[in-house]
A.B. asks: 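The structure that follows is given in the form of structure tokens.
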Amino acid sequence: MKAKIIITPKKAVLDPQGKTVQTALEHMGYTGVTGVHIGKYIEIDLAPGTDKAAASKALNDAAYKLLSNPVIEDYKLEIE
Amino acid sequence: MNFSVLQFPASNCDQDAVHAVRLFGHSARLVWHKDASLGDTDCVIVPGGFSYGDYLRCGAIARFSPVMQAVKQFADNGGHVLGICNGFQVLTEAGLLPGALIRNRDLQFHCENIFLKTATNDSPFTSQIPAGKILRVPIAHGEGCYFADEETLAKLKANNQILWQYCDATGNLTDSANPNGALQNIAGICNEKRNVAGLMPHPERACEPLLGSDDGKWIFESIFAALKNKTVAAAA
């Protein structure tokens, strides 16, 4: 089993990396790009047979406390 | 006065902080991140550096170290805590100070002298800074852009919690004097109770004329004065 956590900067937070990449894409001729947001992707391996609901609860807790900073970041959790 | 200077793996301004405190005749000792107690302490300095390699986010791992639980308790009991640079990041991650520090807006690491305006003398960290004095102190960071949501920012202003702001040589809060894109040119803040403060610049690196500036001493003098008043009050 695997948990995937995608962390992105909150919309109100300055994202200079995203802006720089967006400018680079424009310079390369890629049109229609209206925004680039750069975050983090974390993969967590879980023991086979782990209870999905319990894992989801624990990982949401961990994502809020450690893996993301709720002041500046949002996260999305998927368990598969 | 007894200062405790925390030491995390990859702290690199810990010795500078110890040196600055001793320079003014006070005692300072290093406290290892695995220690669960601070011992006899009047003030804690969370120093600059790259605690735990800045892994995940600056300060994110350090906040869970045993010593930070002791610092939290110390602060909750009214103890004075100053976070410098990475120490500021650690204190925001630990929830001891509001907001967060994010990547500098130009994505560059800035290592230079900047000018600081003291926004209020009403704090244990700024009380002795002469009125109108512009402090010249160094910065050295890649993630020093202060961010807080609008509600938090309004609260900071309403409570006079903004202590220092980046300015030009004559004290104007201009955008070009802002090295990292911090909201409202914020370089340092304190908590609502005013006993915990953090700033990105390094006052401990500017306490002797030999180092190019001794303006940092005013911040230390403010802390010494606050601790002295506290001791007098406790004895009375």
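Chain naming here is simple, since letters A, B, ... match the order of the sequence lines and numbering starts at 1 in each.
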A.B. asks: Can you name the nearest heavy-atom pair linking A:Asn69 to B:Ala100, along with the distance?
C.D. replies: ND2-CB, 3.9 Å
A.B. asks: Is the count of non-hydrogen atoms from other residues, nucleotides or ligands lying under 6.0 Å from A:Glu43 atom CD greater than 12?
C.D. replies: yes
A.B. asks: Can you confirm whether more than 12 heavy atoms, excluding those of A:Tyr30, are under 6.0 Å from its OH atom?
C.D. replies: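 For A:Tyr30, atom OH is not crowded (no more than 12 foreign heavy atoms under 6.0 Å).
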A.B. asks: Tell me the closest heavy-atom pair linking B:Gly99 and A:Val71, and the distance in Å.
C.D. replies: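 Shortest heavy-atom separation between B:Gly99 and A:Val71 comes out as C-CG1, 3.9 Å.
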A.B. asks: Hey, is NZ on A:Lys57 packed in by over 12 heavy atoms from elsewhere, all under 6.0 Å?
C.D. replies: no
A.B. asks: CZ of B:Arg57 to CD1 of A:Ile7: how many Å apart, nearest 0.5 Å?
C.D. replies: 7.0 Å
A.B. asks: Please identify each residue that fulfils side-chain contact (heavy atoms from CB on, under 4.5 Å) with B:Lys133, with sequence neighbours left out.
C.D. replies: B:Ile129, B:Pro130, B:Leu135, B:Asp215, B:Trp218
A.B. asks: In this structure, are over 12 heavy atoms from other groups packed under 6.0 Å from A:Lys10 atom NZ?
C.D. replies: yes
A.B. asks: By a 4.5 Å heavy-atom criterion (distance strictly below it), what part of A:Gln17 contacts chain B: side chain, backbone, both, or neither?
C.D. replies: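 Backbone plus side chain of A:Gln17, per the 4.5 Å heavy-atom cut-off to chain B.
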A.B. asks: Specify the closest pair of heavy atoms between A:Ile72 and B:Phe147, including all atoms of both residues, with the distance to one decimal.
C.D. replies: CG2-CD2, 3.6 Å
A.B. asks: When only pairs under 4.5 Å are counted, which of A:Pro9, A:Ser68, A:Ala12 shares the most heavy-atom pairs with chain B?
C.D. replies: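 Counting heavy-atom pairs under 4.5 Å, the top option is A:Ser68.
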A.B. asks: Quick check on B:Glu151: does its CD atom have over 12 non-hydrogen neighbours (other residues, nucleotides or ligands) under 6.0 Å away?
C.D. replies: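 Check fails, neighbour count at 12 or below.
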A.B. asks: How many angstroms lie between NZ in A:Lys65 and CD in B:Glu93, if you round to the nearest 0.5 Å?
C.D. replies: 14.5 Å
A.B. asks: In this structure, are over 12 heavy atoms from other groups packed under 6.0 Å from B:Phe64 atom CZ?
C.D. replies: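 For B:Phe64, atom CZ is crowded (more than 12 foreign heavy atoms under 6.0 Å).
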A.B. asks: Report yes if the side chains of B:Ile102 and A:Leu14 come closer than 4.5 Å at any heavy-atom pair, otherwise no.
C.D. replies: yes
A.B. asks: Quick one: does A:Ile42's side chain get under 4.5 Å of B:Leu56's, heavy atoms only?
C.D. replies: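 Contact flag for A:Ile42/B:Leu56 side chains = yes.
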